[in-house]
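Worksheet: the structure to be examined is printed underneath.
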Amino acid sequence: MPGIKVDKNHCKGCETCVKVCPQQILTMSKDITVRGYFYALMADPSRCIGCRICAISCPDSAIDVVTNGTVFELFPY
Amino acid sequence: MPGIKVDKNHCKGCETCVKVCPQQILTMSKDITVRGYFYALMADPSRCIGCRICAISCPDSAIDVVTNGTVFELFPY
Amino acid sequence: MNEDARTLFSRPESLNEVVTHYCPGCTHGVIHRLVAEVLDELGVRENTVGVAPVGCSVFIYKYLGTDFLEAPHGRAPALATGFKRLRPDMMVFTYQGDGDLASIGMGEIVHAANRGEKITTIFVNNAVYGMTGGQMAPTTMPGQVTTTSPGGRNVNDTGYPIRVAELLSALVTPNYIERVAVHTPQHIIKAKQAIRKAFTYQKEGRCFSLVEVLSTCPTNWGKTTEESLDWVESRMVPYFPLGCYKDPETAEVPDGAV
Amino acid sequence: MNEDARTLFSRPESLNEVVTHYCPGCTHGVIHRLVAEVLDELGVRENTVGVAPVGCSVFIYKYLGTDFLEAPHGRAPALATGFKRLRPDMMVFTYQGDGDLASIGMGEIVHAANRGEKITTIFVNNAVYGMTGGQMAPTTMPGQVTTTSPGGRNVNDTGYPIRVAELLSALVTPNYIERVAVHTPQHIIKAKQAIRKAFTYQKEGRCFSLVEVLSTCPTNWGKTTEESLDWVESRMVPYFPLGCYKDPETAEVPDGAV
Amino acid sequence: MAKILMKGNEAIAEAAIKAGCVNYFCYPITPQNEVGEYMARRLPEVGGAFLQGESEVAVGNMLFGAASTGQRVFTTSSSPGISLMQESISYMAGAHLPVVIVNIMRGGPGLGGILPAQSDYFQATKGGGHGDYRLLVLAPSTIQEAVDLMMLSFHLAEKYRNPVMIIGDGMIGQMMEPVEFPEHHEEPELPSNDLWAITGAKGREPRVIKSLFLDPKLLDDNSWNLYDKYARMEREEIRFESYRIKPKNKILIVSYGTMARICQTAIDELEKDGVSVGLFRPITLFPFPSKQIAKEAKKKNIENVLVIEMSTAQMKEDVDLAVLGAKPVKFYGETGGLVPSPDAVKEQIMKLIKNPNDELKRR
Amino acid sequence: MAKILMKGNEAIAEAAIKAGCVNYFCYPITPQNEVGEYMARRLPEVGGAFLQGESEVAVGNMLFGAASTGQRVFTTSSSPGISLMQESISYMAGAHLPVVIVNIMRGGPGLGGILPAQSDYFQATKGGGHGDYRLLVLAPSTIQEAVDLMMLSFHLAEKYRNPVMIIGDGMIGQMMEPVEFPEHHEEPELPSNDLWAITGAKGREPRVIKSLFLDPKLLDDNSWNLYDKYARMEREEIRFESYRIKPKNKILIVSYGTMARICQTAIDELEKDGVSVGLFRPITLFPFPSKQIAKEAKKKNIENVLVIEMSTAQMKEDVDLAVLGAKPVKFYGETGGLVPSPDAVKEQIMKLIKNPNDELKRR
Amino acid sequence: MAQYEVTLAGFGGQGIMTAGQLLAYSGMAEGRKVVWLPSYGPEMRGGTAYCTVVVSPDRIGSPIINNPTCCCVFNRPSFDKFAPRVRPGGLLLVNSSLIDVESDRTDITQLLVPANDMAMKAGNPKAANIVILGALIGASEVLSYKVVEKTMKEKLGGKKDLLPSNIKLLREGYNLARKELGKKEKV
Amino acid sequence: MAQYEVTLAGFGGQGIMTAGQLLAYSGMAEGRKVVWLPSYGPEMRGGTAYCTVVVSPDRIGSPIINNPTCCCVFNRPSFDKFAPRVRPGGLLLVNSSLIDVESDRTDITQLLVPANDMAMKAGNPKAANIVILGALIGASEVLSYKVVEKTMKEKLGGKKDLLPSNIKLLREGYNLARKELGKKEKV
Ligand SMILES: Cc1ncc(C[n+]2csc(CCOP(=O)(O)OP(=O)(O)O)c2C)c(N)n1
Ligand SMILES: Cc1ncc(C[n+]2csc(CCOP(=O)(O)OP(=O)(O)O)c2C)c(N)n1
Ligand code: SF4
Ligand code: SF4
Ligand code: SF4
Ligand code: SF4
Ligand code: SF4
Ligand code: SF4
Ligand SMILES: [Mg+2]
Ligand SMILES: [Mg+2]
């Protein structure tokens, strides 16, 4: 199953990933990081398709996309 | 009759006027000016048509074109 | 379909594990990553020197894993020229903002491009002076409010924004010049292709290459991330049309240039 | 036909009765006279300030009867800008060589043009650094031998000559930009028309105006006057096509420039 | 007028306007951006010329053109930007043009840092550009003084037809302090600028403003005329402040700008502990108050002159030149943002009092 | 090698090549154009990099980039061009880069004139750019010496990792004199430039060459490290020449460059008339031979120190700083192309001998 | 009252600079000499922002204060940086909403103020700075509460709708400090 | 021989610089110290060009010579400028082809050389400078004729076809000077 890992050290809470996720499954945390930012979370991890769009768009390279199972054929990047 | 006056003080003997005169009536002097240049002369004053082409082309504004009689309608300049 | 357990996306190797000083949502970060990915893909990190500008990206040397020079404001193309002329075997790129490149550094970029220096310039156009706190840049949009155009940029007083890609493409020397943007995933993908092409041309010793990247500055635009990304699309892209302006493959040399 | 006794041609009033320091055959002198004639015809000599460059024409202030500023090399457009912003009622023009304007002064001319400063620039392109003894200029022709391109300008090493009129015309700000030449009487007449148009636009407060004039440098080209005039026609004109590149009457402002 | 709390950069901007200067050209650079931002708002209100140029090279030359009109004009910048103006400054000095240039210094060399420093002392006082010229250099230590000197600077520039430079560290630009602007600004009368300015050759011979003198005799004359101006400045424009200079002081501190204020705190605190030290604060850095410092230094009671600067001992050279060996001149300083604290200053003073013959650790 | 007659500018160019520097960036300016023209011919032959940049601002920064490779590189220019390089020079000094810059000075300020002058002394020695840095400055008085110092300069630049500047007036550039180049050029060994140069991060951590230190502690360290380098230069690099310094001299002339040669002629001629005068000629202008001058000046027999320069008394400040009031320091000079003749120098010396307490007419 | 120095420190966006300026304006209004000095250093972006205010009866010498009489720390990095710097005998104000530690210094007075929580509760989430300002006045008595309130009315007049809430929070901060430190008069 | 200083002056293009350099090369060839210094001043274009050569047995101090031992003037403006500057007892060589006046100084030796006429006659119109150089050697004896001729052969070797004519003109100049000044040996 695909999913993302958000690095709380890098995430600055810009919400770009939330905006671009085609599945609209990302949301922001309620608590803040040591740097004072809300960070991105998967609200509904089960719906992630591993498309990498969030990661490609993240200005802080805070997102890793991982999978331990099936994903669709990915666009070349 | 039209004709030109070459100011020996300004003329540097570049020969541009000689080249451009449509009547081909200009030539260079045999003697030099105080600045060390041969200067332009009318070889055949009678054939000057007062067209001003020599004066317009002279880099040193050394040429006045004058007339005391008939000239052709001049191109606007 | 594909069944392996694996990482589908992670930070490129050439991007250091360092938290940047960029503001939240600032797309300088995206552009850094694209450069890092291309360096990785071409396998040139260890044979590359970057030239950092003065601007928000002055610290790029902390973020990318190549050697770096830190240039005076606007002069990165001159440093790059000096370096490359002595080390034509190395890859040299500059990373410059719009204040840096299009204002104080106009002379240097025009001449580096015109000489066809075999370097690559990543030109980050965010329509404002970011680092110094939001002054008007040569690329500031008509009517855009900045700290030094508090009534909005008045084109009768300060002219129209400079379109760098078009301007440099007016030079005869055959170069590679393309304008891209990074405000949507689709644009990011295209931007990366352009950056790769730019570095590839350099690697082949072909020509000077410049990629102009439309970028955001949420902080000085006074906008949220989302508003900023939208503003790139609605205001900047129409005036700064995306696309390839010049390619050595197709460039023509005019009459008289025997 | 016309029967009056009269002077058909003489030095314009704005051209001082001083022998210039120019070499024999150098067309700087022609261009000076054209400017003087236009100043006379527009009746603006007493309300005009010229900005002299560093270059062979550094002494233009001795030859024209207007007030003058003597600028650092390449910076005439900046001086002109400073002056004109404080005295929009006066006429301000710069007179610059190709080393001055297209090399060291590239930043200043691009930005003055882009801001649409209401000034006029007479740009004398003689494809070489005249005053300093014949070094390569950004406008030096491919293959042209100069003291710093002893093997002829190598476009692979130093790029192609910069075509200033085309380059500045790539800016969006609506300006007047024309290229003329002075190597034949016919061209001189057209050059004068362009110069008059440039000053007229300024007088009307319309726009920035620049006239690029192809000029000779017999001394540093190592040619006679006649060969030099011919060389303008045979080598320069094909690469530097004459004509109007931009006119505010017809200039279009692109999409997105609201 | 009532006192208002103002940031140094904004106070400088407003002071210029109050002094009748409504023309300003700039290029952004920290820590002086607020001047330009303030001017961008204010100058359209007062009908002046505001322009952000494309570079400091261009701005220096825009000043050149603007000053040639005979109107007042100024710019502000910071260290690297000032370096880029050196050619134009040399030209303007050579052409006898009155302009005012403010340098809110940052640490250097190079890109350095943006914190307070006084490392451009030599550049300002010896002439960073080429040729035989100098600037009249003023150094405020408070925002009020920045305002006062700013207002004075235009008059001085015109009196001598010479560029005037005001140098302050980043604190001068960034601090807020209460300031007061005079109700009416009056200046001693001077010959009209119309006597030399470029106004169009109507009813007079054409004029040229230039620094080109190919005849060596004329160039030599111009250089020595400049030199004479500087000698006149030395007679008429020396400004300084003496603080707690008393017959019992053994140490004479020489310090300028904000650094001098820090010294004042140290001196005040030492005074409470019964240690008395005097401070000489040059306000004009060129012309330098050499005679005045020499006079103080030569007093019998003084054992040591102590120069304290935020640079690697630049003004110290001028103090050495003033004192000419009459007393030992010691140095203490930190540079590039490491502003010496009052405690650090006190420590150095106490060391010197204990061991008057020792050199100080230079920082 | 046999002596050949060479123009100074060309000899300088050839000297650089002989010293292993085959990289040169320039922008044309009189009176040093022959260097670039020579290099344009020679460097393609020896396989080096020649480039005429678009401006001195660009050239200064091309040097910056080029020097970062660890290879030798230099430029030549003249006064206004050097002013335009001030920002990049400050950056290179801050980043500890070895480059060589030759200034064939013309008269200033501004566009000035192109005849010989020594008016850029302050700019060269005090640092015309911003921040706490200095250049190592060398001043040849003959073409042969220009060759020798040129060849030395690259080594010095690398030894200290600091820009070195050679200043000469227009005569140094334009004169022809016989010169000899060494058969083999040898230099003391130094740590390899590869230890700091930019060569690609292969098998090592990425390197950055920079002058940005936002942490004030690091910036302060950098400035004082520079200061320490300069102190080391003062210990190890002082160069000067003494000429006819004898116990019976009453006057010690201090003069440098071509001006010193002219003084030598005057001194020789006076010697024939039975008047004996000594000359101290600094060759390093920074570090300045202060101790050495002080030693000579303090000798009992010396009544006056006489500084002779083609500027409005710039080096005189350094002589004052050296002598520190031990003896009166007088000045004579002309500037901007009015080169003082041997006769004029003799006249001044005779005046001073007759009336040791008078000030000289300064020109 | 002798010279009083305050350093306020936190994230950019927490209103540190504004709080400092309100203090400086208030000092001026009470006829004191004042200096406000912002940090504009490397921390400018994405790090700690701070400013220092000096309020004094006499001419102020050094605008640089290494060991202020009082530090107000709004977040953890500021706490780490500035808590050790408070002058012995001085005051440390800790925004306990975001800082979950306390200083172990015994030579200073330490006051924990849940400023973000209080502001949030008042429906004015950005006004933690006002709470701290109130607490600072309450604890230090460097200036009178009245003059600070008056200054706030004048200077934050622009945001009229928030003014009542700001005044309330200023007062709450003040009173909290009074209470914690066992001082009598409240407002 | 003591230090000898020569200034050569004329229009640009009259070969002034070349003549001066030939003199300097010859001096070097004879083992003397030499300096050649061109004028590169305001006169550069369209005015007077001149250079100064110093030939000396010893180290040469000043390269600037205000009053040279000898002036060779090629045109009228140079005559006006330099004739008054010749050191008393010195030598003035006047190109009488282009200069129709003479100096009224009685404290110097004056020699009129119709250099352009002689060059024209030899069909080598640009070689007036060589005539003057020959005359200078003949009149001053600063260097031997031989060494100058040898230098000329080496340095002007490029223009091989003109060499015989140049040598002839050098000799003619030399002999003319010898004759006019009543000196014996000719070449
Ligand atoms: C010579 C000089 N002038 C000005 C500055 C100040 N400065 C620093 S960054 C900058 C502009 C940055 O704008 P831009 O290049 O657009 O980059 P951004 O921050 O927007 O990415 C300026 C003017 C400087 N450091 N040096
Ligand atoms: C800062 C500076 N750099 C260089 C020079 C030297 N310089 C004088 S004129 C000139 C170039 C002139 O060429 P151009 O502008 O083409 O004018 P032209 O003489 O050909 O008319 C140069 C480089 C200078 N005076 N100042
Ligand atoms: S895009 Fe990146 S930085 Fe922004 S919220 Fe998402 S993970 Fe965080
Ligand atoms: S990988 Fe795709 S689906 Fe999964 S969170 Fe990211 S954008 Fe959404
Ligand atoms: S006016 Fe015309 S015809 Fe007469 S000389 Fe001149 S060019 Fe020839
Ligand atoms: S064009 Fe003018 S300068 Fe040239 S030869 Fe004719 S008159 Fe003389
Ligand atoms: S100021 Fe603008 S450009 Fe700079 S980091 Fe912030 S958002 Fe990015
Ligand atoms: S050098 Fe060239 S441009 Fe200059 S005056 Fe002579 S011919 Fe004209
Ligand atoms: Mg930007
Ligand atoms: Mg030219």
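First the proteins, then the strands, lettered A, B, ... as listed; each starts at 1.
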Is there a side-chain contact between [X] and [Y] (heavy atoms, below 4.5 Å)?
| X | Y | answer |
| --- | --- | --- |
| L69(D) | Y91(E) | no |
| E108(D) | V57(E) | yes |
| V208(E) | K62(D) | no |
| Q71(E) | R87(D) | yes |
| I209(E) | F68(D) | no |

Sort A52(D) into side chain, backbone, both or neither according to what part of it lies under 4.5 angstrom from a heavy atom of chain E.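 Answer is neither: A52(D) stays 4.5 Å or more from chain E.
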
Heavy-atom distance under 4.5 Å to chain E: side chain of V110(D), backbone, both or neither?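 Contact with chain E is absent: no heavy atom of V110(D) under 4.5 Å.
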
Decide yes or no on side-chain contact (heavy atoms from CB on, under 4.5 Å) for L86(D) and M62(E), but give the supporting numbers first. CA-CA 10 Å; L86(D) 272 56; M62(E) 288 172 181; over 6 Å; no

Contact winner vs chain E - T66(D), V44(D), V49(D), V54(D), heavy-atom pairs under 4.5 Å: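 Among the listed options, the one with the most contacts to chain E is T66(D).
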
Selection from K84(D), H73(D), R75(D) maximising heavy-atom pairs under 4.5 Å formed with chain E: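 Ranked by contacts with chain E, first place is R75(D).
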
Over all atoms of both residues, closest heavy-atom pair of [X] and [Y]:
| X | Y | result |
| --- | --- | --- |
| G65(D) | P206(E) | O-CG, 3.4 Å |
| R85(D) | F25(E) | CB-CZ, 4.3 Å |
| D67(D) | T199(E) | OD2-N, 3.3 Å |

Part of A49(E) within contact of chain D (heavy atom distance under 4.5 Å):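 A49(E) touches chain D through side-chain heavy atoms alone.
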
Under 4.5 Å from any heavy atom of chain D, what part of L51(E) do you find: side chain, backbone, both or neither?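 When you check distances to chain D, only side chain atoms of L51(E) fall under 4.5 Å.
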
Looking at chain D, which one of R207(E), R204(E), E87(E) has the largest number of heavy-atom pairs inside 4.5 Å, strictly under?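 Answer, by heavy-atom pair count under 4.5 Å with chain D: R207(E).
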
Distance (rounded to the nearest 0.5 Å) between E54(E) CD and H111(D) NE2: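 Rounded to the nearest 0.5 Å, the CD-NE2 separation comes out at 5.5 Å.
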
Greater than 12 external heavy atoms within 6.0 Å of E204(D)'s CD: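 Yes - once you tally the heavy atoms of other residues, nucleotides and ligands closer than 6.0 Å, there are more than 12.
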
Counting only heavy atoms not in E45(E), do more than 12 sit closer than 6.0 Å to its CD atom?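 Atom CD in E45(E) is packed in, count exceeds 12.
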
